[in-house]
Structures are given as structure tokens and as C-alpha cells.
2 protein chains.
Amino acid sequence: MTERPLRADARGNQERLLSVAAVAFARDGTQTSLKAVAKEAGVGVGTLYRHFPTREALVEAVYEHEVTVLCDAAAELLRALGPADALRGWMERFVDFMAAKHGMADLLRPVLLSEADRLHTRARLRAAIATLLDAGAAAGVIRPGVDANDVLMALGGVTMIAGEEGQRALATRLIDLLLHGVRAPGLTS
Amino acid sequence: MTERPLRADARGNQERLLSVAAVAFARDGTQTSLKAVAKEAGVGVGTLYRHFPTREALVEAVYEHEVTVLCDAAAELLRALGPADALRGWMERFVDFMAAKHGMADLLRPVLLSEADRLHTRARLRAAIATLLDAGAAAGVIRPGVDANDVLMALGGVTMIAGEEGQRALATRLIDLLLHGVRAPGLTS
DNA sequence: GTGGTAAACGGACGCGGGTCCGGTTATGCT
DNA sequence: AGCATAACCGGACCCGCGTCCGTTTACCAC
């Protein structure tokens, strides 16, 4: 995002877009009109698209810090809980985070599958999951060799189908299924 | 869909919309312009929306027969394979079907979560999965009590994240995860 | 056959997505 | 300080979505 220093005017426009978008997303959800965001930020819509080529790029930038907090939670959970409970807790936080940002689930696919991963969102989420999987495998409760990227994609799928408010019970059950899927053989509930 | 007999003109319009849409979806994917579909069918766009209130309603109607074929495949697979392999095979067919219809994955959420389920698409898919799960439970290879709706939603999630052409390897791995999730305890590969 | 009317129609309309081009401005060099 | 120009700008534009209202038509009762 900062591979070349922006001119002063561009930097100001970008920051204004981010802060206006954060308020608009919180108020109206991530599907809010980008024309209205541009207008409220005092820039043309072409400027918005220049800085953030897609809606998901804008959303990803707006929520970058909160994704960092979520990723950091993996190590914290491991200090407080056993690895299987930490993994469950982290997954629930992931889905809750998405549900709390209205319309976020719709944007997940491009974010998780983008080639560029400009803000390293996918890489960071995957690393958090890998931390949890590694601890679980070391403790003998998670199958060794489970691919963290596969788990991230599966969790993304769960979120895409069950990541809206009001779907928490379904999300929990699908997380259960996923946890069964990564569990070491021979374990029973 | 036929809760009240349509007037002759309306029935003709609906049939023409379905056949034009089937060709347009096959050629351009399910995100093709509905305005163009209406125009090619010789009807106004308001007419299209009257018959099919949403894009997914049109898609669901166009592919109704193929969904039936997919649902019928569950019993066929059970006659040819053991229950675990039949379940895997059926899931792979589901994802392949979605991948073959460009843009289908984007429409899955409303179809699977709609309250109305007017064409019983969700109910029929769920019944197919229940058939496979029941056979697996009876054979001792699937955990008893796994909810067919949960499995359908999980498979929907897999399809939403990995249901495009070129993603078959990822889809297969996610299906593996899901199958591990429903497997009876104590079984190893 | 005729008349009434509910069913059904077409397309204009407002809206927002995303593009693109003529105009503006910040920056670096002399 | 002045100049050149690449970076950056705003908003007009085309497009399609989804809505809605005046018009048309099929159907039913007499």
C-alpha cells in the first residue's frame, strides 16, 4: 500500500476516504454506496477507485487493524486454554468479527483468494491458524499435517454461509464439524 | 411455482424467459445481464422480475432439472459404492455441478438460506445428503446424529469458497476435511 | 357475443457501479 | 523562483439493477 510515497494531497485524500468509509461501513454495512463515501470524503469517485481498486480493497484497508488484533488473539488464547479450545475460540472470534461487520461475508472470497494479498491479510490469518494447529498437533489433539490454508478456506466457507447476525447457532455447529475434521484420530468427545 | 394457473400469455413469457436464460447462463455465466435476457425473450424487464423476483430465483428455476438429477445420484451412488465413498462422490458431483455453471457459487447463499424454498431445492439436496448419512451411520462409518442440513450448509460453504473452475484441488481437500468431520470416531484412513 | 376487471404487460426512471478523459497540482530539477 | 511534467484529480458517462405506473390483454360471468 505504501510502495511509493504518495503526494501530500493523495495521502490526505486516502486517509479521509478510510475514515469516512469506516463510519459508513459501521452505520450501513460494507455494501454502502461508494459514491456516497467518495462524496462525503470530498473526493471524486474516480479518486476512490484509484486508491482502492475494489470495494474489498477498501474494506480490507479499513479493517486492517482489527484483523491484526484477531491474529494476535491466537497466541493469547493458547496461553489461556488448551490448543483445541483455543482453536475453537479463535474460530468463533473470526466468525463473530465477520458477523459484526454487516455484509463482510460477501467480501471474504476475493480477500482470501486474491493473488496479491497486498495487506497480507490472508497470510496473517493463515499464520494464526498455523500457530493453533501446530500447538494442537504437538499436544496430540489435532491431526499432524493439516494445512493451515485449507483450514482458513474452510473457515471462510463457514463464514460465507453462516456469518451473518442471527446465524450464530449454525456457525457454531459448522465450526464443530470443522473441528471434528481436524481432530486427531481415536479421540472422542 | 404453479400455485395458480398462469394466463396463456404469462405462461408463454415465463417459458421463453427460462429458455433464453438457460442459453445466456451457459454462454456468459449466471451473472449475465438480466436486461439482455428480458430483451432477447421479447419481454419487458418488469415482466422478468414479476416471474422471477431475484436473479437466484431465475437461476434456480433454470437448473431445477439438473438439481433433480444430482439429488437422484445419491441413491445411485449408494448402489455402486460404499456409503463413505458414495458421500464423497456425491459431494464432488455437487461442487462440479456448481463449478460448471459459471458464477453459480455466488448465488448459493440465498438459495440455501431462503425461507420459502419455493422449488424445494434445499429440501431435496438435504434429503439426498440424509440418505447418504443414514447409510453411512448404519454401516458404522459416519457418526450417528450428524445433521444433514449442517452438512449441506458446510458443503455450500466449501462451494462458495472453492467452487470455481481451477479450484478443484482445493475443493477436494475441503471435502476431505468435511468428511473427516462426519466420520465415525476411531476410524483411520 | 359483450362487458368488466384482475392479471399481466413494457419501459421510463432513479440509483449506484465502475470507467475514462480533460483539467489541476505537487514535486523535482535547473 | 520558474518551469516541466508525472501524478493525481473530479465528475460526466455508459451500463445494468430493481421499481413502479399507465396501458394492454386474457379470462370469466352474464
Side-chain angles (χ1 to χ4, degrees), chain A residues 1-21 23-25 27-62 102-104 106-107 109-111 114 116, chain B residues 1-21 23-25 27-62 102-103 106-107 109-111 114 116 118:
Chain A
M1 210 84 233
T2 53
E3 54 195 0
R4 176 192 185 87
L6 288 177
R7 279 173 21 183
D9 54 345
R11 194 165 56 245
N13 285 340
Q14 191 178 91
E15 285 166 7
R16 212 157 43 250
L17 279 167
L18 284 169
S19 70
V20 167
V23 173
F25 291 156
R27 186 184 61 224
D28 301 324
T30 59
Q31 295 302 322
T32 195
S33 157
L34 294 188
K35 280 203 169 190
V37 168
K39 183 168 185 174
E40 198 177 331
V43 303
V45 72
T47 300
L48 185 148
Y49 280 99
R50 222 168 348 261
H51 284 271
F52 304 103
T54 61
R55 182 182 291 272
E56 22 312 335
L58 178 59
V59 170
E60 190 180 352
V62 164
H102 306 299
M104 192 70 172
D106 292 338
L107 304 178
R109 195 172 188 285
V111 171
S114 94
Chain B
M1 207 81 232
T2 52
E3 55 193 0
R4 177 190 183 84
L6 287 177
R7 278 175 22 184
D9 56 342
R11 195 166 54 245
N13 285 340
Q14 192 180 93
E15 286 166 4
R16 209 157 46 249
L17 280 166
L18 284 169
S19 70
V20 167
V23 173
F25 292 156
R27 184 185 62 224
D28 301 324
T30 58
Q31 295 302 321
T32 194
S33 156
L34 294 188
K35 280 207 166 191
V37 168
K39 183 167 183 171
E40 199 176 328
V43 304
V45 74
T47 300
L48 184 148
Y49 280 98
R50 221 167 351 262
H51 285 273
F52 304 103
T54 61
R55 182 183 288 274
E56 14 325 329
L58 178 58
V59 170
E60 190 180 349
V62 164
H102 306 298
D106 291 338
L107 304 178
R109 193 172 190 287
V111 171
S114 94
R118 298 286 304 273

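The analysis underlying the following values was restricted to heavy atoms, covering all of them including side chains, and did not include hydrogens, waters or symmetry mates. Residue numbering restarts at 1 for every chain, and letters A, B, ... go by the order of the sequence lines.
For A/Ala8, the listed nucleotide lying nearest its side chain is C/dT27; candidates were C/dA12, D/dC8, C/dT27. Relative to the side chain of B/Asp9, the nucleotides D/dC9, D/dG18, D/dA26 differ in distance, and D/dA26 lies closest. The nucleotide whose nearest atom lies closest to any side-chain atom of A/Tyr49 is, among C/dT25, C/dG18, C/dA8, C/dG18. Checking C/dG17, D/dC8, C/dC9 against every side-chain atom of A/Ser33, the shortest atom distance belongs to C/dG17. When distances run from any side-chain atom of B/Arg7 to the nucleotides D/dC9, C/dA7, D/dA12, the shortest one goes to C/dA7.
Nearest heavy-atom pair, A/Leu6 versus A/Arg11, reported as atom, atom and distance to 0.1 Å: O-NH1, 3.1 Å.
Computed from coordinates, the B/Arg16 CZ to C/dA8 C1' distance equals 13 Å when rounded to whole Å. We find that CZ of B/Phe52 is positioned 15 Å from P of D/dG18, with the value rounded to whole Å. Per the geometry, CD belonging to A/Gln31 stands 12 Å off P belonging to D/dG18, to the nearest Å. If you measure from atom CZ of A/Arg50 to atom P of D/dC8, you get 9 Å, rounded to the nearest angstrom. Rounded to a whole Å, the CG atom of B/Leu6 is 17 Å from the C1' atom of D/dC28.
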Distances for protein N or O near nucleotides 13-15 of chain D N or O, under 3.5 Å:
unit_1, atom_1, unit_2, atom_2, d
D/dC13, N4, A/Lys35, NZ, 3.4

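Between B/His51 and C/dA8, a side-chain N or O to OP1/OP2 separation shorter than 4.0 Å is absent. A sub-4.0 Å separation between OP1 or OP2 of C/dA8 and a side-chain N or O of B/Asn13 is absent.
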Worked check of side chain to side chain contact (heavy atoms under 4.5 Å, CB included) between B/Arg55 and B/Leu58: CA-CA 5 Å; B/Arg55 182 183 288 274; B/Leu58 178 58; 5.8 Å; no

Would B/Glu60 and B/Phe52 satisfy side chain to side chain contact (heavy atoms under 4.5 Å, CB included), going step by step from the backbone distance to the final call? CA-CA 10 Å; B/Glu60 190 180 349; B/Phe52 304 103; over 6 Å; no

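The closest donor-acceptor contact from the side chain of B/Thr32 to the backbone of B/Phe25 lies at 3.5 Å or more, if one exists at all.
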